[in-house]
*Asks:* 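The structure is given below, and queries will be raised subsequently.
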Amino acid sequence: MKFTEKLKAKKADKIENPAKETAKKEKKPLKQKIKDSMNKKYIKNGSYSVVISAVFVVIVLVVNMIVGSLPSKYTEVDVSEQKLYSIGDDTKKFLKDLDKDVTIYQVVQSGSEDETIKKLLEKYEEGSDHIKVEQKDPVVNPKFTSEYTSDDVAANSLIVVCGDRSKVVNYSSIYESSIDYNTYQSTTTGFDGEGQIDSAISYVTSEDLPVLYTLDGHGEKDLDSTLQEDIQKANIDIKSLNLITEESVPDDAACLLINAPTSDISESEKDAILDYLENGGKAMIFSDYTEESMDNFDAVLKNYGVERTEGVVIEGDSQHYAQMPYYLVPTVNSTDAVSDFASKGYYVLMPYAQGIKKTDDVRDTVTINSLLTTSDSAYSKVDVNSGTIEKTDDDIDGPFDLGVSITETLDDDKETQIVYYTSSNLMDSQINQMVSGGNEQMIMSSLSWMCSSDETSTISVPSKNLQISYLTLTAYDVSFWKIMVMGIIPVVFLVMGFMVWLKRRKA
């Protein structure tokens, strides 16, 4: 009875669930089952890959958008040897202190921009919120330049504007060039974009430009053309001064330059100079060794606690001279007058200099700081006509100062400032090139210290040489590398070769 009931129930189940019965009958092969399983796996993995790829693409797009919005100083690296696409620390500080809105127009047809100038302008725009750069197409705006100048403006020239003041920076002044008169071909030798732009910004943002008066009438040296260009680029006007006819230093003088007179100044000139300095005047003074007496000139120096030592300084330490012991490479001390320059690590080359001695009877209000100093091995050769540079008993022992800055605080918040160097050869362009522009930068740094004020800021950045990079070596460096190249290195290779030969012979 039970068996019969089970059979009936089984038949009833087949009638009620035909699909189930069919499924049992239609069993899939193992291979098909594996294939179906793999297809489902691939579809699942493929879906994951598509989602991950989409997320990755979105991330890349977002990162590119973020990077694209960042200033170029964070996304671009200037790998050019001369740093053509970068601005220096002096310019960065100058832009940081800028408090007036300045617009720089690049006058050029669209698509013809000079990329070097364009990238440099981007650095200026990033360096200050007060700088705005715009491109003006002369084809689209043919009368634009006439608002600022009546002269023709070459493509890629710049017009710097601040309020009612403007200055045109010609393209020809940005790139320096020289002509080979044998072939009459022009070669680009320097890039002065940073210097010219700084000069233009300083000009348009300054109300009154400083005036530098150069004393004449005593056989003074003419300013070297390179240094004269630097002074003018710093927007310092240069005027000559004859104290015999003028009788006093003009009231608008920002600084008085006395450039190595070969004959003494008169008593009245001495009094006029002292009257100017004792009322808060500024002076940059150079002197050279002369056999002629210079009593009045020396009296000006002595009034501020310094005097020249007799003779010419000879350096006994090979690390402090180049080529000859009287081509001095002094230590540069960081003081207010040259603090920015001292931090850059440049050499200074100072041929035929005299030592500076500080006197004991100077006023307490006078402060004297050493700018350039010799080593302890230096001495002053008193008899310069002796025919030898060897030290004798008559010579004066060092060390010496070769350059000093002098300040004196006066009433009414005035301050006298003097910078004194004992060799005018500092300004010679050939000497300057031997130290890669170190002399030039030091002089301009000390001149800027005296000529800058709350109303006027002076900055002069030298051009970037595109041809020659000078390597400055002291006599010690030259001797060291001679010994290394001609002695130690060849001996090392000979020993190594001998050892290899010996090893092979034993083998």
*Asks:* Quick one, Tyr289 and Val384 - any side-chain contact, counting heavy atoms below 4.5 Å?
*Replies:*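 Answer yes - side chains close enough.
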
*Asks:* Spell out, as yes or no, whether a donor-acceptor pair under 3.5 Å connects the side chain of Glu194 to the backbone of Val461.
*Replies:*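 Such a contact is absent between Glu194 side chain and Val461 backbone.
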
*Asks:* Under 3.5 Å, side-chain donor or acceptor atoms of residues 156-171 against the rest of the protein: list the pairs with distances, not counting sequence neighbours.
*Replies:*
{"unit_1": "Asn156", "atom_1": "OD1", "unit_2": "Gln106", "atom_2": "NE2", "d": "3.0"}
{"unit_1": "Asn156", "atom_1": "OD1", "unit_2": "Asp114", "atom_2": "N", "d": "2.9"}
{"unit_1": "Asn156", "atom_1": "ND2", "unit_2": "Ser112", "atom_2": "O", "d": "3.3"}
{"unit_1": "Ser157", "atom_1": "OG", "unit_2": "Ala154", "atom_2": "O", "d": "2.8"}
{"unit_1": "Ser157", "atom_1": "OG", "unit_2": "Tyr171", "atom_2": "N", "d": "3.0"}
{"unit_1": "Arg165", "atom_1": "NE", "unit_2": "Tyr203", "atom_2": "O", "d": "3.1"}
{"unit_1": "Arg165", "atom_1": "NE", "unit_2": "Ser206", "atom_2": "O", "d": "3.4"}
{"unit_1": "Arg165", "atom_1": "NH2", "unit_2": "Tyr203", "atom_2": "O", "d": "3.1"}
{"unit_1": "Lys167", "atom_1": "NZ", "unit_2": "Ser199", "atom_2": "OG", "d": "3.4"}
{"unit_1": "Tyr171", "atom_1": "OH", "unit_2": "Asp114", "atom_2": "OD2", "d": "3.1"}

*Asks:* Could you state the interatomic distance from CD (Gln232) to CG (Asp237), rounded to the nearest 0.5 Å?
*Replies:*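 The CG atom of Asp237 is 8.0 Å from CD of Gln232, to the nearest 0.5 Å.
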
*Asks:* Any side-chain heavy atom of Val348 within less than 4.5 Å of one from Val435?
*Replies:*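 Result no, sub-4.5 Å side-chain heavy-atom pair not found.
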
*Asks:* Between Tyr352 and Tyr326, does the ring pair (Phe, Tyr, Trp, His ring centres under 6.0 Å) criterion hold? Intermediate values first, please.
*Replies:* CA-CA 6 Å; Tyr352 305 105; Tyr326 42 82; 5.1 Å; yes

*Asks:* Would you give me the side-chain donor-acceptor pairs under 3.5 Å for residues 403-412, sequence neighbours excluded?
*Replies:*
{"unit_1": "Glu408", "atom_1": "OE1", "unit_2": "Arg363", "atom_2": "NH2", "d": "3.0"}
{"unit_1": "Glu408", "atom_1": "OE2", "unit_2": "Arg363", "atom_2": "NE", "d": "2.9"}
{"unit_1": "Glu408", "atom_1": "OE2", "unit_2": "Thr365", "atom_2": "OG1", "d": "2.7"}

*Asks:* For a 4.5 angstrom cut-off between non-hydrogen side-chain atoms, does Asn296 reach Val300?
*Replies:*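 A side-chain contact is absent here, since even the closest heavy-atom pair is not under 4.5 Å.
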
*Asks:* Verify whether one side chain among Asp288 and Ser424 offers a donor that lies under 3.5 Å from an acceptor in the other.
*Replies:*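 Distance-only check passes for Asp288 and Ser424.
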
*Asks:* Where is the tightest heavy-atom contact between Thr422 and Gln354, given as atom of each residue plus distance?
*Replies:*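 Between these two residues, the closest heavy atoms are OG1-O, 2.6 Å.
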
*Asks:* Under a 4.5 Å cut-off applied to non-hydrogen side-chain atoms, are Glu307 and Lys358 in contact?
*Replies:*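 Not in contact.
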
*Asks:* Is the shortest side-chain heavy-atom distance between Leu426 and Ile431 below 4.5 Å?
*Replies:*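 In short, these two side chains do not touch, never coming nearer than 4.5 Å.
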
*Asks:* Side chains of Asp336 and Ser339 only: does a donor on one sit below 3.5 Å from an acceptor on the other?
*Replies:*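 Not at all, the side chains of Asp336 and Ser339 share no donor-acceptor pair under 3.5 Å.
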
*Asks:* Is it true that atom NZ of Lys132 has more than 12 heavy atoms of other residues, nucleotides or ligands lying nearer than 6.0 Å?
*Replies:*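 No - once you tally the heavy atoms of other residues, nucleotides and ligands closer than 6.0 Å, there are 12 at most.
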
*Asks:* For the rings on Phe144 and Tyr105, is their centre-to-centre separation under 6.0 Å?
*Replies:*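 Yes, close enough.
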
*Asks:* So which heavy atom on Ala254 is nearest to which on Lys282, and how close?
*Replies:*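 Closest heavy-atom pair between Ala254 and Lys282: O-CG, 3.2 Å.
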
*Asks:* Are His218 and Thr262 packed together at the side-chain level, in the sense that at least one heavy-atom pair is separated by less than 4.5 angstrom?
*Replies:*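 In short, these two side chains do not touch, never coming nearer than 4.5 Å.
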
*Asks:* Just by distance, do the side chain of Lys381 and the backbone of Glu310 share a donor-acceptor pair under 3.5 Å?
*Replies:*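 Not a single qualifying donor-acceptor pair exists.
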
*Asks:* Could you walk me through whether Lys344 and Asp90 pass the salt bridge (charged side-chain N to carboxylate O under 4.0 Å, His left out) check?
*Replies:* CA-CA 11 Å; Lys344 296 178 181 178; Asp90 291 340; 2.7 Å; yes

*Asks:* Within the 3.5 Å criterion, strictly below it, is a donor on Asn439 or Tyr347 matched to an acceptor on the partner's side chain?
*Replies:*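 Checked: Asn439/Tyr347 side chains show no N/O donor-acceptor pair below 3.5 Å.
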
